[in-house]
Colleague: 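Right, I'll just put the structure down here and ask away after.
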Amino acid sequence: MAETRSTSTDQDISEALGERVRRAAEAGTPLRIVGGDTKAFYGRPVEGETLSTREHRGITSYDPVELIVSVRAGTPLAELEAALAKQGQMLGCEPPHFGANATVGGMVATGLSGPRRPWAGSVRDFVLGIRLITQDGQQQRFGGEVMKNVAGYDLSRLMVGAQGTLGLVTEVSLKVLPRPGARHSLRLEMPRAEAMARLAEWGRSPLPLTAAAWLEGALHLRLEGGPSSVAATRERLGGDDLDDDFWEALREQRLGFFSREDARPLWRLSLPHNTPSLDLPGVEEADLLYDWGGTQRWLRSDLDADTLREACARAGGHATCLGNREGAGQADPFMPLEPVVEKYHRALKAQLDPKGIFNPGRLYAAL
């Protein structure tokens, strides 16, 4: 199949963006980089002049045979996913949108992945290369468009999750995946401890699992793959049928658990595989949603931030505070860095953004 390129929505404003960055650097003016702004709640607020990437959009190249697509940062995620779906393909990291205006740049900047992440990979795993406007206003290319491009320091994947603090990403090349031939979702009533034990057991078998979440006394599973494999696994595991829309609702935080009416802060706990219950004081099972087979846990709690983060650190993980989406009364979003790690963060920021103009303070107050 021949390579395809962008449609009438294609628009390249990289020169204008570069000039804007150059002028900001000369004046020492902080920039608040914005795409669809659907993930502004994730991280610390930025004070600076707004620099929008929304007009820098379009699929610059797409080779369905090689499973590679290159797309500008301001391209709506929905637009990219629709183009891939026409070829029977998808973004393997299943990134959340959190709104109709979500862009590819926001996906890269936050690095957030959906329910499929433990089985298919994170956003970072699918990034092959990027185009980046540096603090001097010049556009540089890092990485490439092949999976084995590993020469030198992989700056392209470093940008994933950096939240725009190291430069302005203008384009990204991604590996994509074929859509599965069959899909079926199940709901199995069982206690949380039994669910985690079952998942640990099933993890040692070649089952076609691509999502697993526990909440409200039940284990929710998604099976994807060949029709015969999905059908056989469905028969083996039993349980009740579950609407496939459950996974999109989980990804987009539209389930009742994420209700905005609950004023308690929302926490994201990232923990090693098979981590047992943290036994947090005052936390009940109804306050928890286990995603990613238990390695990502969502928590609604007024528990003191230091107590919660210390418990996660002892288990080898970390805790991120998403507040109540409006940010009212929330703790600092991210765990403080260890001194050695902070040293490298500061050195990297100083090297790539010596004037401190790119989303200053977005990740940490001094970075």
Colleague: Should R268 and D291 be marked as a salt bridge (Lys or Arg N to Asp or Glu O under 4.0 Å) after you check the CA-CA gap, both sets of side-chain angles, and the distance that decides it?
Modeller: CA-CA 10 Å; R268 174 181 178 265; D291 193 7; over 6 Å; no
Colleague: Please check this pair: side chain of T134 against backbone of Q138, looking for a donor-acceptor N/O pair closer than 3.5 Å.
Modeller: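 Side chain of T134 to backbone of Q138, a donor-acceptor pair under 3.5 Å: yes, one is there.
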Colleague: Could you tell me whether E189 atom CD has more than 12 heavy atoms of other residues or ligands within 6.0 Å of it?
Modeller: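 Counting other residues, nucleotides and ligands, CD of E189 exceeds 12 neighbours.
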Colleague: Any side-chain to backbone donor/acceptor pair from H220 onto A218? Under 3.5 Å, distance only.
Modeller: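 At least one qualifying donor-acceptor pair exists.
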Colleague: Is a donor on one side and an acceptor on the other found under 3.5 Å between the side chain of W214 and the backbone of M190?
Modeller: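 Indeed, once roles are kept as given, a pair shorter than 3.5 Å links the two residues.
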Colleague: Ignoring hydrogens and geometry beyond distance, is a side-chain donor-acceptor pair present between Q163 and T110 at under 3.5 Å?
Modeller: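 Side-chain D/A pair, Q163 to T110: absent.
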Colleague: I'd like to know if the side chain of Q296 pairs up with that of S270 as donor and acceptor (distance under 3.5 Å, no hydrogens or angles considered).
Modeller: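 Checked: Q296/S270 side chains show no N/O donor-acceptor pair below 3.5 Å.
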Colleague: Sort out for me which residue in Y290, F257, F258, W292 forms a ring pair (Phe, Tyr, Trp, His ring centres under 6.0 Å) with W298.
Modeller: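 That would be F258; it is the only one of Y290, F257, F258, W292 passing the ring pair (Phe, Tyr, Trp, His ring centres under 6.0 Å) with W298.
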Colleague: Let me confirm one number: the CG-CG distance from L209 to L237, rounded to the nearest 0.5 Å.
Modeller: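 Between L209 CG and L237 CG, I get 7.0 Å after rounding to 0.5 Å.
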Colleague: Is any side-chain heavy atom of L352 closer than 4.5 Å to a side-chain heavy atom of M159?
Modeller: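 Yes - at least one pair of side-chain heavy atoms lies under 4.5 Å apart.
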Colleague: Is the backbone N or O of R157 less than 3.5 Å from a side-chain atom of R124, with the two atoms forming a donor-acceptor pair by type?
Modeller: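 Looks like yes, one N/O pair under 3.5 Å.
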Colleague: Are side-chain N/O atoms of S301 and W267 paired as donor and acceptor at under 3.5 Å?
Modeller: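 Their side chains do not contain a donor-acceptor pair, so the 3.5 Å distance test is not met.
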Colleague: Answer whether the closest heavy-atom distance between the side chains of M107 and V104 falls below 4.5 Å.
Modeller: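 Yes, close enough: below the 4.5 Å cut-off.
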Colleague: Looking at side-chain heavy atoms only, is the closest gap between I59 and R72 below 4.5 Å?
Modeller: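 When only atoms from C-beta onward are counted, R72 and I59 do not touch, as no gap falls below 4.5 Å.
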Colleague: Using a 3.5 Å distance criterion without hydrogens, assess whether the side chain of D10 forms a donor-acceptor pair with backbone atoms of G58.
Modeller: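 Checking the backbone N and O of G58 against the side chain of D10, no donor-acceptor pair under 3.5 Å is found.
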Colleague: Is a donor on one side and an acceptor on the other found under 3.5 Å between the side chain of S229 and the backbone of G226?
Modeller: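 No, S229 side chain to G226 backbone: no donor-acceptor pair under 3.5 Å.
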Colleague: I need the single residue from R116, R222, R254 that forms a salt bridge (charged side-chain N to carboxylate O under 4.0 Å, His left out) with E248. Which is it?
Modeller: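 It is R254; the other options fail the test.
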Colleague: What are the two closest non-hydrogen atoms of A319 and R309, and how far apart are they?
Modeller: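 A319 and R309 have their closest heavy atoms at O-NE, 3.2 Å.
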Colleague: Is the backbone of L207 close enough, under 3.5 Å, to the side chain of S205 for a donor and an acceptor to pair up by distance?
Modeller: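 It does not hold such a pair.
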Colleague: Would you give the length of the straight line joining atom OG1 of T103 to atom CG of L80, rounded to the nearest 0.5 angstrom?
Modeller: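 The CG atom of L80 is 11.0 Å from OG1 of T103, to the nearest 0.5 Å.
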Colleague: Just checking, is any N or O donor in the side chain of S122 or D125 under 3.5 Å from an acceptor N or O on the other one?
Modeller: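 Note: S122 and D125 side chains meet the donor-acceptor criterion.
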Colleague: Can you tell me which residue among S156, S61, S70 is in a side-chain hydrogen bond (donor to acceptor under 3.5 Å, both in side chains) with S173?
Modeller: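 In the set S156, S61, S70, the residue that makes a side-chain hydrogen bond (donor to acceptor under 3.5 Å, both in side chains) with S173 is S70.
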Colleague: Quick one: pull up OG in S185 and CZ in F246 and give me the separation to the nearest 0.5 Å.
Modeller: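 One finds 8.5 Å between OG of S185 and CZ of F246.
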Colleague: Would you say the side-chain atoms of R57 pair up with the backbone N or O of R54, donor to acceptor, closer than 3.5 Å?
Modeller: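 Checked: no pair found.
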Colleague: Hey, does the side chain of R141 reach the backbone of L132 with a donor-acceptor pair shorter than 3.5 angstrom?
Modeller: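 Here the side-chain-to-backbone pair does not exist.
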Colleague: What verdict does the ring pair (Phe, Tyr, Trp, His ring centres under 6.0 Å) test give for F98 and F41, after you've listed the backbone C-alpha separation in whole Å, the side-chain angles of each residue and the deciding distance to 0.1 Å?
Modeller: CA-CA 10 Å; F98 299 138; F41 66 91; 5.4 Å; yes
Colleague: Picking from I133, L31, V34, what satisfies side chain to side chain contact (heavy atoms under 4.5 Å, CB included) with L51?
Modeller: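 Running side chain to side chain contact (heavy atoms under 4.5 Å, CB included) over I133, L31, V34 with L51 returns exactly one hit, L31.
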Colleague: Which atom pair, heavy atoms only, marks the closest approach of L223 to V230?
Modeller: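 L223 and V230 have their closest heavy atoms at CD1-O, 4.0 Å.
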Colleague: Would the distance check show the side chain of K175 and the main-chain N or O of E66 forming a donor-acceptor pair, the cut-off being under 3.5 Å?
Modeller: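 Side chain of K175 to backbone of E66: a pair is present.
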Colleague: Quiz question: by atom type and distance under 3.5 Å, do the side chains of R179 and Q89 form a donor-acceptor pair?
Modeller: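 There is no such pair between these side chains.
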Colleague: Quick one: closest heavy-atom pair of R251 and P115, and the distance?
Modeller: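 Closest pair (atom of R251, atom of P115, distance): CB-CD, 3.8 Å.
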